[in-house]
Amino acid sequence: MNKSDDGSLLHYRVCNYCEAMCGLKIEYTLPITSEDDLKISADKDDPFSQGSICPKAQALSILHFDKEKLRYPVKKMNGTWVKTSWDEAYDLVEKGIKSVQDQYGTDAIGTYLGNPIVHNLGMMLFISKFTKAIGSKNLFSATSMDQLPHHFVSHFMFGHEMRIPIPDIDNTEYMIMIGANPLASNGSIMTSAGVRKRLKSIIEDGGKVVLLDPRKNETARLVSEHLYVVPGSDIYFLLALLYIAFRDSHVDLGRLQPYVKNFDQIVPISKKVTPAYASEKTGIDDKEIERLASEFFQSKKAVIYGRMGVCTQSNGGLNQWLINILNIISGNFDTPGGMMFTAPAIELAREKQQKNIFGRFNSRVRGLKEFSGELPVSAMAEEFSVEGKGQLKAFITVCGNPVLTSPNGRLLDDSIKDIDFMVSIDNYINETTRHADLILPTPSGLEIDHYDLIFNAISVNNNAKFSEALIKVEEDRPYDWQVLKELTKRFSKNGLSLIDRAMTPRLIINIGLLTGVYGRLSSPKRWFSGLSLKKVIDSKHGISLGSLRPSIPGILITHDKKIDLAPDIFVEALQKALEVESENRILDKEEFRLIGRRDLFTNNSWMHQVKRLSSNKNVRCTAMLHKSSASVLQIEDGDEIIVRSNAGEIRIVAEVNEEIVAGVVSIPHGFGHTREDTQNSHARAKAGVSVNDITDHNVIDPLTGNAAFSGQIVTIRKV
Ligand SMILES: Nc1nc2c(c(=O)[nH]1)N[C@H]1C(S)=C(S)[C@@H](COP(=O)(O)OP(=O)(O)OC[C@H]3O[C@@H](n4cnc5c(=O)[nH]c(N)nc54)[C@H](O)[C@@H]3O)O[C@H]1N2
Ligand SMILES: Nc1nc2c(c(=O)[nH]1)N[C@H]1C(S)=C(S)[C@@H](COP(=O)(O)OP(=O)(O)OC[C@H]3O[C@@H](n4cnc5c(=O)[nH]c(N)nc54)[C@H](O)[C@@H]3O)O[C@H]1N2
Ligand code: SF4
Ligand SMILES: [Mo]
């Protein structure tokens, strides 16, 4: 056992709350019976995170001991929750789901998979077997209100939805960041613990970071330059860069020339939007656009990176496509300092080119297309609410809170009240799971083994780290993967195969590490030095596997080993998008474009229950408006206002300042813990309202089906 200087015991692990993968050092004394027995700090010896940490890491111990966290399954009886055994809980799930299947068919079961699944190894490894066993086409997840455009574009351009390029921020000299706020989010689709330091060092080394965002967000205060942009207009900025690239002969495919196809189709696209027109749309001066373009194209190592703000809007798919095109044609793709591919120790995209994984079936009500086996979450509420053949009658939620997080959560809230059966795998009675007949809780972050399958695959350098459980769970509490396995067994036609029965997270990770590119079984010369689970565990702090390396053509898994620069589906969608001019129409004085906002101290809809975090002054559920647009409506800072959309209305406090584009309103998501029977006392106090009571589920990215939270038009009046 490791010991610290004062004699307390030492445990090292990774924080699994966000994408950053911070290494933690936990000093503890046995027996661990309260928060006071644990001291969480940053692990300076973690080769990846090098001592970075954020306040949320403390929630690992706080939530472990949280009295409101469920430790045993609970079932609802006459409106109250009573404890039940695991055996009875499994029986009730089987009975509840099967009776709906028998009466209404397999597709009458809706399943929603929340974001924390990707931060939990057991869930990650065993969830898809479970959803397959359920067998319903009505599978939804947080992906389609988040990073779906990244997967979509990667599938069509590089051959696999998990071949996602990420910015090589440790080596770049010039970064254009669009619609991201890493200083609050700690980085996304760019796993980069200590992102503040990494961005700062670009600037300190004489480089530049430019941010385009409708709000002067936390990151805007750090970067070299922040430009305000009208929500939803980013596509015009990107097309103007493309225009300048061709006009001024900045196009150079370099080494990638033989691996790129359909280049000719880009030429006419490059003529569509002039800098002057882009300026009209985006609100950025055309001289500034020209200057940024020339700085970007003339930098040796440059990268354009776009995230949430450009994904969750009506041009989400096109934006990510154009960002890839610009990085590729400027010679900034698959090269140090540009957009690169991670080479993870456990490869997630092993197979050959994925076959068609788009549009094989559609949603019942609106006919929205599936992608990779999931329907857009924007279609979820109406599949419950709209009556008729095929209507959803049962609901399974896993690690999520879609009543607060999904578009038009209010409609979902209202439509799942009286369904035939609902079960949630979650550790809390939250605004969604309160509707369940049964809640199955799983162990806390300190009780599980962890390996970041996804985030090690989109990290700004290559690493492997395995965290062993610190606290042993009681005999009668199953791990998340055991819960999923048991449920899978009960719903699979032929039960579990021998292999499935034998699989455990450790076994799967060991096989993945042994056979991965750095693994002992990958080549004879690695027989002794290569990775195995034991080797990774023994390293304690994790193992660095080096910087990102150029990897084209090997990494491409398109059938012809080429990047498709212009898949037809994008070219056609672009044509249509440019025809829709309405988004950028002049708004009336009471009309605003809605955008979101995150804070460092909470995580989507949760962690509001952690007082030490949510009492921070930055955790505010307010509607942020620019002074000029507020004054026209006689709204002052602190006034209560009503924000209304096609979906509904909310009452919220106005926060008036000059740090947001006029005509735009910013409201964070994940609040609204006011719905009557939420049992979480502190959360209720810090309640706020849910912005997703007014986000319209009909507003989506027509190409990918991703929710378009950004740029929706709402009206505002003073109460
Ligand atoms: N308007 C607007 N809406 C948004 C967004 C936005 O920017 N604007 N962002 C969207 C994005 S990007 C996302 S990812 C979604 C997130 O939306 P969701 O995934 O629906 O919500 P979360 O708040 O992440 O889910 C939290 C729940 O998971 C449970 N949980 C956490 N860890 C575990 C665990 O280990 N085991 C179990 N059993 N349960 C666990 C918590 O107890 C809590 O009840 O929200 C989306 N919604
Ligand atoms: N502390 C904390 N960390 C988190 C989370 C959390 O809730 N709290 N959530 C995690 C999750 S699930 C995710 S997906 C990531 C997301 O992490 P990021 O991708 O960094 O996303 P956000 O922090 O939402 O920042 C998005 C930015 O886009 C801007 N924006 C909105 N609309 C537009 C637009 O039309 N154009 C442009 N150019 N910008 C726009 C917003 O003003 C905002 O500053 O964060 C993760 N990390
Ligand atoms: S940034 Fe915070 S929440 Fe994210 S991994 Fe690091 S410590 Fe955890
Ligand atoms: Mo997300």
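Indexing begins at 1, ligand by ligand and atom by atom, following the structure's order.
Asp413 has a carboxylate O that lies under 4.0 Å from a charged side-chain N of Arg434, or vice versa, which qualifies the two as a salt bridge. Using a cut-off of 4.0 Å between Lys/Arg side-chain N and Asp/Glu carboxylate O, Arg196 and Glu218 are scored as not salt-bridged.
Looking only at protein heavy atoms, the nearest one to atom 26 (C) of ligand 1 is Trp606 CD1, 3.4 Å. The closest protein non-hydrogen atom to atom 38 (N) of ligand 1 is Thr442 OG1, 2.9 Å. Scanning the protein for heavy atoms near atom 35 (O) of ligand 1, the closest one is Asn120 ND2, 3.4 Å. Of all protein heavy atoms, the one lying nearest to atom 19 (O) of ligand 1 is Asn115 N, 2.6 Å.
Only the side chain of His669 comes within contact range of ligand 1, with a heavy atom under 4.0 Å; no backbone atom does.
When Ser185, Cys18, Ser605 are ranked by how near their heavy atoms come to atom 45 (O) of ligand 2, first place goes to Ser185. Of all the listed residues (Gly596, Pro231, Gly179, Cys311), Gly179 holds the heavy atom that lies closest to atom 28 (O) of ligand 2. Evaluated by nearest non-hydrogen atom to atom 44 (O) of ligand 2, the leading choice among Thr312, Asp213, Ile595 is Asp213.
Of all atoms in ligand 1, listed by their number and element, those nearer than 4.0 Å to a heavy atom of Met308 are 7 (O), 9 (N), 12 (S). Proximity to Leu600 (heavy-atom distance under 4.0 Å) selects the following atoms of ligand 2: 1 (N). Residue Ser710 has at least one heavy-atom neighbour below 4.0 Å for each of these atoms of ligand 2: 31 (C), 32 (N), 33 (C). In summary, the atoms of ligand 1 found under 4.0 Å from a heavy atom of Asp146, numbered by their order in the structure, are 12 (S), 14 (S).
Separation of the His150 and Phe152 ring centroids does not fall under the 6.0 Å cut-off.
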